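Inspection log for the structure reproduced underneath, given as structure tokens.
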There are 4 protein chains.
Amino acid sequence: MPRQASSAPPVRGRPRDPRTRAAILVAARDLLERGGLTAVTIEAIAQKAGVSRPTIYRYWPNAPAVAMAAFLEKTGAASAAASPGSALSALRAQLHALADAFAAPAGRSVAAMVAAAQSETELAKAFRNEFIARNRDATWALLERCIADRSIAEPDDMDVTLDLIFGPLFYRLLMGHAPITRGFVDQLLDTVVRARRRRPVQPPAG
Amino acid sequence: MPRQASSAPPVRGRPRDPRTRAAILVAARDLLERGGLTAVTIEAIAQKAGVSRPTIYRYWPNAPAVAMAAFLEKTGAASAAASPGSALSALRAQLHALADAFAAPAGRSVAAMVAAAQSETELAKAFRNEFIARNRDATWALLERCIADRSIAEPDDMDVTLDLIFGPLFYRLLMGHAPITRGFVDQLLDTVVRARRRRPVQPPAG
Amino acid sequence: MPRQASSAPPVRGRPRDPRTRAAILVAARDLLERGGLTAVTIEAIAQKAGVSRPTIYRYWPNAPAVAMAAFLEKTGAASAAASPGSALSALRAQLHALADAFAAPAGRSVAAMVAAAQSETELAKAFRNEFIARNRDATWALLERCIADRSIAEPDDMDVTLDLIFGPLFYRLLMGHAPITRGFVDQLLDTVVRARRRRPVQPPAG
Amino acid sequence: MPRQASSAPPVRGRPRDPRTRAAILVAARDLLERGGLTAVTIEAIAQKAGVSRPTIYRYWPNAPAVAMAAFLEKTGAASAAASPGSALSALRAQLHALADAFAAPAGRSVAAMVAAAQSETELAKAFRNEFIARNRDATWALLERCIADRSIAEPDDMDVTLDLIFGPLFYRLLMGHAPITRGFVDQLLDTVVRARRRRPVQPPAG
DNA sequence: TCGTAAACGAGACGGTACGTCCAGTCTTTTT
DNA sequence: AAAAAGACTGGACGTACCGTCTCGTTTACGA
């Protein structure tokens, strides 16, 4: 049940200026895109946003946290909504969009946030919940529609299926050993579509 | 009479003490395992290795570079050698070993190096060539044996097949949304084994 | 109504803790006296004063500058004030005091600051204005009293007269070829007193 | 039985290349003139002279010592020799030359060496013996000729007389509060010439 | 309307690490 | 042997940010 009657926490003192928060996030996002994670320092954000350093600390605990907030602010997850045609083509469209994003400069920000998430649990959690999970959920929904209309066989484990789709995309994004194209997405989808037609092969006893 | 056949420069001045290099790498690896990438500072390495800071800079340009060298020094790629039984079971064994490594604390080091590789091209190149490529090559060899003995159908694109195996593993390692188990590896292998039985499905025109 | 007449800047930000500045200067002076100029390193000052290195740099640009500030802080110029007896004896007393100071360990600090002033214009200016000029002014005042009461004849050039007094003292201090005694001061004064009785001798045409 | 009659040192091994020593001194002098004492580092000398650092250490114990050697190598003392005309005019000529040197860029090197001599006894000794003493000796000789021909009265203390001449010159060189001109030298000489006509004034008892 | 409480800018401060420079010393090979 | 080259330790340099703090100033609200 909700913790309080309706909304109002007493709100004593001077209220936060919403422009402050916005300016910080804009500055952080800009720094992130230009110079990667290492460019996102509290110092630089403060400078760029015309804000004092303590003010930033009043909102976030450290620089990567600001970077993550800035990243998540802009980067909404793919929407499953309003896709014309079959579920499978909607799924394909969604993943094409993701591939396009990964291939664009914005992809570097995603990679940066993955990197940032490696050193702090808090960031990892935020990234996982706000970015990874959202993407997975949107794709999950479409996958279920595909299963419902028999475009894809019911998989043993939905999570594994999602990993088979997202894993290779992130892998290429982070390693950079090969480009992320729509064709690549198609190949991944083919695999998923065709793999799940029959019951699992039994792994050998030993 | 020429002093040298061709390559080796005549080695002027006092030669480098191999123990110096070794001590640095040992210290760096230790720091990496204990405290992650942020613990690998030149300062700390120098302290731990009983070496002066300038000496470290004589070998590597910055701390992440030392970390990468330390990581790569120890982490040899999986060997395809001398596996008993069928090619498929050898492949499975190899990937089980990788999954075990990823699940163990050592996995954190791998994740750390992936993260490090995001901010410096030089590191990315080293990591890709020395770690990623080696693992792929070892697996590639086994996959070819599998194809030869018909355990797996000839895939359209070997790189994609490798991405389908490694991608999900790295994805779970980096996102931490689900555990990396041998069972997970088996599921990935199943997919690959079963997906490539027929000719590719035609992607839709649009 | 305007907040300020003219000068004082409104004091933005956290004000400097006066104890910080004091601690730095005390530490620097101590180091200077014990080990000479080379002992006055930012590192050592920070250690001794219990202050961080960046804090010192917030006040002064480098170590010799701190040394100079520390030196000038303590070393007030000779005062011409309240000397009993004739102007000439007051002058003699003042210079005896200076000779005593030069002969004492403190003399080494003076020599050190002269040396320091050779390599940096900024230091030279500070030393000239705060130490040299003050001493000259004090002596100048007494000399004028001497001239007024006819103990000393009006010299052609007061600056030269001052150089004739201070020059030899500094010369001995810096070269160390002979001791700086009160007798030496008396000899210098004699020269000045007796030299300036008549109009200048004409230098030869060639 | 002694290996050698008397003089010839055994000269084993590779003989020192005289060009090495020369190159070092030239480089040091050049650095000294361009950048003052702080520019004379072993590193820079080695670079400039095309010589390795240990080689320099084989000749001199540290950088200021090289600087001093380089300085003394070139800067011979004023010669009293072969001056036409009276002893007094010869003296004047000699001091004019010194004033010219002090006023010229070379004066900065002299000042630098005075500064250098403040921090090391060994350097101080060398400078005193090789530069200061030589100048004093040359002037002393001329002063004696002046005394002999009655241009100057016999002073109480020849050292004080020399200090009265050199002191003000060095004082201006080091403090830079006034220019070093030939006219200044003349004023100093006047003082000395006119001061020493009578017996010393008695300093007061107290 | 007038406190009071928080937001905010500014900058001091202790820290930690950076990457560099130079000093001296040593260990090689070359002359 | 001496010379040349370069490895190596060690100390200090001056800088960049960090995260915290202490100020003065501003802005809203609630008594």
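These values consider heavy atoms only, across backbone and side chains, with no hydrogens, waters or symmetry-generated copies. Keep in mind the model is a prediction, meaning the values are calculated, not measured. Chain letters run A, B, ... following the sequence lines, proteins first, then strands; residues in each count from 1.
In this structure, CD1 of I45(C) is placed 11 Å from P of dG14(F), rounded to the nearest angstrom. Spacing between atom CD1 of I56(D) and atom P of dA2(F) amounts to 17 Å, rounded to whole angstrom units. The separation between W60(D) atom CH2 and dG24(E) atom P is 15 Å, rounded to whole Å. Between the CZ atom of R19(A) and the C1' atom of dT27(F) there is a distance of 12 Å, rounded to whole Å. When rounded to the nearest whole Å, the span between CD of E120(B) and P of dG19(E) equals 9 Å. Atom CD in Q47(D) sits about 11 Å away from atom P in dG6(F), given to the nearest Å.
Taking for each of T41(B) and R16(C) the nucleotide of DNA chain E with the nearest heavy atom, the 5'-most of the two is the partner of R16(C). Along DNA chain F, the nucleotide nearest G13(A) and the nucleotide nearest P15(B) are compared for position; the residue whose nucleotide lies closer to the 5' end is P15(B). With the nearest nucleotide of DNA chain E identified for both R21(A) and A63(B), R21(A) has the one nearer the 5' end. The nearest heavy atom of DNA chain F to I42(A) and to D17(D) marks one nucleotide each, and the one closer to the 5' end goes with D17(D).
Distance CZ/R58(A) to OG1/T20(A): 9.5 Å, rounded to 0.5 Å. Atoms CZ and CG, on F71(C) and L32(C) in that order, are 8.0 Å from each other to the nearest 0.5 Å. The line from NZ of K74(D) to CZ of R29(D) is 4.5 Å long, rounded to the nearest 0.5 Å. Atom-to-atom distance recorded for L123(C):CG and K125(C):NZ is 10.5 Å, nearest 0.5 angstrom.
Listed candidates were dT27(F), dG6(F), dA23(E). Nearest to the side chain of E43(D) is dA23(E). For R14(B), the side-chain atoms get nearest to dT27(E) when compared with the rest of dT27(E), dT9(F), dA3(F). Considering only side-chain atoms of Y57(C), the nucleotide from dG15(E), dC13(F), dT9(F) that sits closest is dC13(F). For Y59(B), taking side-chain heavy atoms from C-beta onward, the closest of the listed nucleotides dT20(F), dC8(F), dG19(E) is dC8(F). In this structure, of dG19(F), dC13(F), dG9(E), it is dC13(F) that holds the atom nearest to the side chain of R53(B). Comparing dA4(F), dA5(E), dG19(F) by their nearest atom to the side chain of R12(A) picks out dA5(E).
The side chain of R58(D) contributes an N or O atom lying less than 4.0 Å from OP1 or OP2 of dA3(F). The phosphate of dG9(E) has OP1 or OP2 within less than 4.0 Å of a side-chain N or O from S52(A). Between T20(B) and dC8(F), a side-chain N or O to OP1/OP2 separation shorter than 4.0 Å is present. For T55(C), a side-chain nitrogen or oxygen approaches OP1 or OP2 of dG14(E) to under 4.0 Å.
At the heavy-atom level, P54(B) lies under 4.0 Å from base atoms of the strands shown.
Q118(D) places a side-chain N or O within donor-acceptor distance of the main-chain N or O of L174(C), the cut-off being under 3.5 Å.
Looking at every heavy atom in both residues, W60(C) comes nearest to A65(C) through CD1-O, 4.0 Å.
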